[in-house]
Visitor: 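My questions will all concern the structure given below.
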Amino acid sequence: MPERNQSASLRRALTVLDHVRASSGLTLTQLADALDVSKSTVLRLTVPLIEARLLERDRRTGAYRLGHGTLRLGQAYLASLDLRAVAAEESHRLMSEVRETVHLVVYEPPHVVYIDKVENQTNVRMASRIGSRGPLHSTAVGKAILAWLPDDTVDGLHLEARTKHTISDPGRLRAELASVRRRGYAVDDRENEPEVRCVGAPIFNHNDTVVAAISVSGLTSRITAARVREVGPLVAAAASRISRKLGSPTR
């Protein structure tokens, strides 16, 4: 029985934190009403949270706010994050859904760097290598990142025509990036390699800054133009889940 009571109290205390987190501050009465418990119960639950600096109470208004202890916890969590480890489950899940090669890249201006790759062993293998660099303007992962960078970033790029399909005109590229923002994913339609299509989506960190991207790549015979429309939302959903794990507040 004591263990059960302690578990119930812990769950209620966590609920207190969650309610306070979602507000700019709650009074004792507001917390009691939100939790449907007595004020004395709220006081009992908040004492250890205040002692741990997870909550603080305004001396003037009596409102509860998150304490600086939550910042220390958040910083410790962020410091322990490894993008490859965070994205691994989603990368394998995405590969299983689409049965094509999945790439994970990070943004290192003015390139993307491939840091992980999950292949479907039954398909033709992609030539990409972990550690290799790719351009922003002609890859799906690059355009997925570029779409959320400042607009003048395009001006500093060398828009090399990698294939006859590469968008090498700044105006056309900006229009394409606007489309990427609207639909949530980017497409490399034979723009980096003649017989390869890729679909990529951006990954955001705890500051809601784009830092990486994930993509699906395959031969045009397998990833047809019609299939791009099926794969795109799956890639975007995987990127969104990774972003949430990185602490993005809006994805």
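One-based numbering along the sequence shown.
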Visitor: Is there a path of hydrophobic side-chain contacts, each under 4.5 Å between heavy atoms of I, L, V, M, F, W or Y residues, that connects Ile130 with Met95?
Guide: no
Visitor: To the nearest 0.5 Å, tell me how far Glu100 CD sits from Ile223 CD1.
Guide: 4.5 Å
Visitor: Just jot down the side chain to side chain donor-acceptor pair (under 3.5 Å) partners of Thr15, sequence neighbours excluded, or say none.
Guide: none
Visitor: Decide yes or no for Pro135 and Asn192: does some side-chain heavy atom of the first lie under 4.5 Å from some side-chain heavy atom of the second?
Guide: yes
Visitor: Do Leu157 and Ile167 share a hydrophobic cluster, counting only Ile, Leu, Val, Met, Phe, Trp and Tyr and linking them when any side-chain heavy atoms are less than 4.5 Å apart?
Guide: yes
Visitor: Below 4.5 Å, heavy atoms only, C-beta onward: do Val42 and Thr46 meet side chain to side chain?
Guide: yes
Visitor: Return the set of residues passing side chain to side chain contact (heavy atoms under 4.5 Å, CB included) with Asp151 (not counting sequence neighbours), or none when no residue passes.
Guide: Arg174
Visitor: Check each of Thr220, Asp189, Thr224 against Arg197 using the side-chain hydrogen bond (donor to acceptor under 3.5 Å, both in side chains) test, and report the only one that passes.
Guide: Asp189
Visitor: Could you tell me if the side chain of His103 sits less than 4.5 Å from the side chain of Ser217, heavy atoms only?
Guide: yes
Visitor: What is the minimum heavy-atom distance between Leu49 and Ala13, and which atoms define it?
Guide: CD1-O, 3.7 Å
Visitor: Is Val47 isolated, or which residues cluster with it under the ILVMFWY side-chain rule of less than 4.5 Å, directly or via members?
Guide: none
Visitor: Calculate, to the nearest 0.5 Å, the distance between atoms OG1 and CG belonging to Thr41 and Leu31 respectively.
Guide: 12.0 Å
Visitor: Whether the side chain of Thr166 engages the backbone of Ser168 through a donor-acceptor N/O pair (distance < 3.5 Å, no angle test) should be reported.
Guide: no
Visitor: Distance from Leu66 atom CG to Leu55 atom CG, nearest 0.5 Å?
Guide: 6.5 Å
Visitor: Of all heavy-atom pairs between Arg190 and Pro194, which one has the smallest distance, and what is that distance?
Guide: CG-O, 3.2 Å
Visitor: For the backbone of Gly67 and the side chain of Arg53, can you confirm whether one donor and one acceptor N or O come within less than 3.5 Å of each other?
Guide: no
Visitor: Kindly work out whether a path of hydrophobic side-chain contacts (I/L/V/M/F/W/Y, heavy atoms less than 4.5 Å apart) joins Val235 to Val118.
Guide: yes
Visitor: Using side chain to side chain contact (heavy atoms under 4.5 Å, CB included) as the criterion, list what pairs up with Glu97, not counting sequence neighbours.
Guide: Arg93, Leu94, Leu234
Visitor: With sequence neighbours left out, which residue pairs that include part of residues 143-162 fulfil the ring pair (Phe, Tyr, Trp, His ring centres under 6.0 Å) condition?
Guide: Trp148-Phe204
Visitor: Report the residues that fulfil salt bridge (charged side-chain N to carboxylate O under 4.0 Å, His left out) with Asp33, sequence neighbours left out, ordered by chain and then residue number.
Guide: none
Visitor: Is any side-chain heavy atom of Leu136 less than 4.5 Å from a side-chain heavy atom of Val112?
Guide: yes
Visitor: Write down the atom of Ala212, the atom of Ile145, and the distance for their closest heavy-atom approach.
Guide: O-CG1, 3.6 Å
Visitor: Ser91: what forms a side chain to side chain donor-acceptor pair (under 3.5 Å) with it, not counting sequence neighbours?
Guide: none
Visitor: Return the CD1 to CD1 distance between Ile242 and Ile203, rounded to the nearest 0.5 Å.
Guide: 4.0 Å
Visitor: Looking at residues at least two apart in the chain, or sitting in another chain, which of them share a salt bridge (charged side-chain N to carboxylate O under 4.0 Å, His left out) with Asp169?
Guide: none
Visitor: Can you tell me which residue among His137, Arg162, Lys143 is in a side-chain hydrogen bond (donor to acceptor under 3.5 Å, both in side chains) with Glu191?
Guide: Lys143
Visitor: Locate the shortest heavy-atom distance separating Gly184 from Ala201; write the atom from each residue and the value.
Guide: O-CB, 3.8 Å
Visitor: Holding to side chain to side chain contact (heavy atoms under 4.5 Å, CB included), I want the full list of residues that pass it with Ser40, two or more places apart in sequence or in another chain.
Guide: Ser38
Visitor: Residues two or more places apart in sequence or in another chain: which of them pass salt bridge (charged side-chain N to carboxylate O under 4.0 Å, His left out) with Glu89?
Guide: Lys245
Visitor: Please tell me whether Leu146 and Val106 are part of a single hydrophobic cluster in this structure, the criterion being side-chain heavy atoms less than 4.5 Å apart.
Guide: no
Visitor: Take Val154 and Leu177, measure what side chain to side chain contact (heavy atoms under 4.5 Å, CB included) needs, and give me the verdict at the end.
Guide: CA-CA 10 Å; Val154 172; Leu177 297 178; 3.8 Å; yes
Visitor: Measuring only between side-chain heavy atoms, which start at C-beta, is Val231 closer than 4.5 Å to Tyr185?
Guide: no
Visitor: Output yes when Arg65 and Asp58 qualify as a salt bridge under the 4.0 Å nitrogen-oxygen rule, no when they do not.
Guide: yes
Visitor: Verify the neighbour count for atom CZ of Arg57: are there more than 12 heavy atoms of other residues, nucleotides or ligands below 6.0 Å?
Guide: yes
Visitor: Who are the side chain to side chain contact (heavy atoms under 4.5 Å, CB included) partners of Arg59, not counting sequence neighbours?
Guide: none
Visitor: Begin with the C-alpha distance, continue with both residues' side-chain angles, and end with the deciding distance and a verdict on side chain to side chain contact (heavy atoms under 4.5 Å, CB included) for Tyr107 and Leu149.
Guide: CA-CA 11 Å; Tyr107 176 46; Leu149 294 178; 3.5 Å; yes
Visitor: If you compare all heavy atoms of Ser179 against all heavy atoms of Arg182, which two are closest, and at what distance to 0.1 Å?
Guide: OG-NH2, 3.0 Å
Visitor: Would a 4.5 Å heavy-atom cut-off, applied to side chains only, mark Thr153 and Pro150 as touching?
Guide: yes
Visitor: Determine, stepwise, if the pair His92 / Val102 fulfils side chain to side chain contact (heavy atoms under 4.5 Å, CB included).
Guide: CA-CA 8 Å; His92 283 84; Val102 172; over 6 Å; no
Visitor: Between Val199 and Val98, is the side chain to side chain contact (heavy atoms under 4.5 Å, CB included) condition met? List the steps.
Guide: CA-CA 11 Å; Val199 183; Val98 299; over 6 Å; no
Visitor: Arg183: what forms a salt bridge (charged side-chain N to carboxylate O under 4.0 Å, His left out) with it, not counting sequence neighbours?
Guide: Glu176
Visitor: Does CG belonging to Asp36 count more than 12 external heavy atoms closer than 6.0 Å?
Guide: no
Visitor: Look at the side-chain heavy atoms of Ile, Leu, Val, Met, Phe, Trp and Tyr, link any pair under 4.5 Å apart, and say whether Leu246 and Leu104 land in one connected group.
Guide: yes
Visitor: Does the side chain of Thr29 come within less than 4.5 Å of Lys39's, by heavy atoms?
Guide: yes
Visitor: Any side-chain heavy-atom pair from His19 and Gln30 closer than 4.5 angstrom?
Guide: no
Visitor: Is there a donor-acceptor pair closer than 3.5 Å between any side-chain N or O of Ser240 and the backbone N or O of Ala236?
Guide: no
Visitor: Quick one: OG1 on Thr101 to CG on Leu219, what's the gap to the nearest 0.5 Å?
Guide: 9.0 Å
Visitor: If you compare all heavy atoms of Leu159 against all heavy atoms of Pro170, which two are closest, and at what distance to 0.1 Å?
Guide: CD1-N, 3.8 Å
Visitor: Can you tell me how far apart CD1 (Ile214) and CZ (Arg241) are? Round to the nearest 0.5 Å.
Guide: 9.0 Å
